[in-house]
Structures are given as structure tokens and as C-alpha cells.
There are 2 protein chains.
Amino acid sequence: MGKVTCDMAISVDGFVAGPNQGPDAPFGEGVGDSLHRWMFDEPEANAAELTEMTAAGAFIMGRNMFGPSRGDWDLDWTGWWGAEPPYHGPVFVLTHHERTPLTMEGGTTFHFVTGGITEALERAQTAAGDWNVAIAGGAATVNQFLAAGLVDELRLHTAPVLLGRGERLFEGIGRTDLRQVDVRRTGLVTHLRYAVVRDGASPTATA
Amino acid sequence: MGKVTCDMAISVDGFVAGPNQGPDAPFGEGVGDSLHRWMFDEPEANAAELTEMTAAGAFIMGRNMFGPSRGDWDLDWTGWWGAEPPYHGPVFVLTHHERTPLTMEGGTTFHFVTGGITEALERAQTAAGDWNVAIAGGAATVNQFLAAGLVDELRLHTAPVLLGRGERLFEGIGRTDLRQVDVRRTGLVTHLRYAVVRDGASPTATA
């Protein structure tokens, strides 16, 4: 079985989106491209991280990451990403509404999971086999997985901005020891990689 | 005139202290040595940053950093640091209570400022001359200076832990663009250095 990973583009003050996300502001108000500029303006400098983000065998995302918060997307909404989403594999969407799987171009299939994070993880791990399962967001979903102790590796892509408001990662989670794995800075972002230390494992740092 | 700098030991989830700081738990409950272990266990590996933290010409700190939150320290409290505090220079303490300056061993003098952050900064800059002024904490004081746009350089010393609760840096501040200056990882901490981008200045990254 692979690892459970989580990549998040995040501000220095811990926000992963602005307030009031919606069709007109998919990353929330006041965010603009500040958190994701490194992806678009520096793809070559950040190629290693970008490749790794999408190399999972299956993905899990929250309901609000799949569709806008208002209205009912269950019947005809096909996600934010157009005909060919960037996942190229199975994506398990947490929701309260049953829906038949939705197959997109390029190998992405959205599966709708009504049994919560445990069911989503079981199904994703079965689908991923030896590959990693990536928790794709948003903040509330990542926080749920962190609080449950289900994330193995946290990869923060920290953009040099203080947003001041919005959706904060790391709300409602308990104390968790991490181990530093790697850090790398490019022109527009700092990539910080941490392993979650399990009970009984040593929090000793790697040099 | 030097820069206004701010060094903070901080968790990955943005806490600089646990809840209920007091004489029995100066860093707050549940924190232990998790945020500061790199200072005590790895002083040689982190010598550059430790030296720089204390190299300012003057320091500013909040009332709660100087003394415990409960009770009246104004008359006989001399700080947490014993006879010879580690500042070795003038320290301007924000307070609502007048008090004559308190001279300690080793060159530290605590000055008590009742005129808020603007008066504290003016007096500290006058005392520091060409040297930097360091905002020494705690979180509420740093947040006040950040919100007022008075910090030039933010140096986060990020320990590999999620604390989950406590005193959070970056509360109540507005959007602020930063520029990445440096990042360095040792065994127990990652040092992240940011310059605050002023209005009119270019947020272009340094390579």
C-alpha cells in the first residue's frame, strides 16, 4: 500500500483559500493568483513538485472542492476542470448525495462517497493499489484527515503572502508531531515536506 | 536607520505558544520544548540564526512577554530571564502602567512604554541608531506591528509540530505581500526569512 499524501498551496499565515469561494472566485475573494502563481509562472522550476502532486493512484476531495457551495451540482455538475480534469485517475468525492460515477476524458473518474472519510480512504486505497492516495483538498477535508491521523506525508507549498482571511488549514486538529523531510525554495514558493510521526515512531529528525 | 525585524519560533500550524501561559508554563500548556528544542539541542547547527536574533540594537516586547498575565508585576517583577536577560541592550515593554526603567546585568535595560506601538518604535529606533529593532513578541504584539505595516523582515523558525491550539501568530492582520529572502533547514527546525513588500515596491522574487 502506498502513502496517504496531502499537497496544499498555502499562504505564510496558513490560508489555502480566501473567503466566499464560488464560480466567480474559485480560490475565494482577494486571493487572485497569489497562492498558485508558482504553478503557472514557474512550471519548470517547480516541475518535480508538480509532477509528484498528480502522481497518486487515487485522489480524495471534499464536496466544496468538486463544486460550488451553493446550488445542487449533483445532477449535472462535472467539476471545475472542464472536459479533461488534471487527475487522470479515480477521484473520490465526499458528499451526502448518492450519484453514479462520472467518467471524464483523460482517465479521471469521479466517484461519489456518502460514507465519510473512512469509506473514501478504503475505496481510494483499493483503487490505488501500491500507489499513493492524495488528499486533494479543500481545507475542511484535509483537516478531517489530519485530525483522524490518516495522513502520512504533508507537502506545503508556501507562497510568500499573508492573506489575513479566508479558509485556514489546521483548524480543529490535535497535537501532531511531524518530521522534517525536505525543503526547497524556488523563485515564487517554498516547498516544505513533512512526515507525520505515528505513535510509537521516533520523531528524530533526518539530517 | 536599521530594519525592523521579527524572529518567531512557530509551529507548522502557526502557533507561537500554547494556551494558558503562566509561571508554570511560560510557553503555554502542551508545548513543552517542541518550539524551542532547536535552540537548546542544536545551538551550533543554528548558530547563525541565534546570533542574528539577539544582534538588534533595541527590542520591543508586549506586556505578557515581560511578565505573567495575572497579578501586578509592575512593582517588583523583573522579567522571566533572571539577573542577566539575553537581550544585552534596551528593551521597550508595552504596558499601561508607568514604571521607571529597570537596569539588569549584562546591558539589558527594560523601558516601560505607555504610548503604544508607535511610541515604542520611535524610542527603540532612536536607541538602536543604525542597528535593527527587533520585535521580540509575543504574538499579539507582533500582530499589531504587522497589521500596522511596521515590520521589514519576518524570520519564522518553524518547528516540525502541529500544536492544534494556543496563541496564533497572524490574527487580525490584513493582506500583506512578502518576498522570499532565504530558507534553511537544520535537523530540528526550518528557518524561513521573508521581506515585507511595501506599497510601490516590486514583489519580484529573488532567485
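We name chains A, B, ... by the order of the sequence lines, and we start the count at 1 in each one.
- No other option in A:V12, A:I173, A:I10 has as many heavy-atom pairs under 4.5 Å with chain B as A:V12.
- Distance check, rounded to the nearest 0.5 Å: OG of A:S11 to CG of B:D177 gives 11.0 Å.
- The contact list for residues 27-36 of chain A toward chain B, using heavy atoms and a distance under 4.5 Å, reads A:G30, A:V31, A:S34 by residue number.
- Chain A forms the most heavy-atom pairs under 4.5 Å with one residue out of B:G174, B:G14, B:A45, and that residue is B:G174.
- Listed by first then second residue, pairs satisfying ring-ring contact (aromatic ring centres under 6.0 Å, His included) with a partner in residues 121-150 of chain A number zero, not counting sequence neighbours.
- Within residues 118-126 of chain B, no residue has any heavy atom closer than 4.5 Å to a heavy atom of chain A.
- Note: B:V189 leads B:V189, B:L192, B:L154 in heavy-atom pairs under 4.5 Å with chain A.
- A pairwise comparison of heavy atoms in B:R185 and A:V181 identifies NH2-O, 3.5 Å as the closest pair.
- Shortest non-hydrogen contact noted between A:T190 and B:Y194 is OG1-OH, 4.3 Å.
- With a 4.5 angstrom heavy-atom cutoff, B:V196 does not touch chain A via any of its atoms.
- From B:E171, atom CD reaches atom CG of A:D13 across 9.0 Å, with rounding to the nearest 0.5 Å.
- Residues of residues 156-169 of chain B that come within less than 4.5 angstrom of chain A, heavy atom to heavy atom, are B:L156, B:T158, B:P160, B:V161, B:L162, B:L163, B:G164, B:R168, B:L169 in numerical order.
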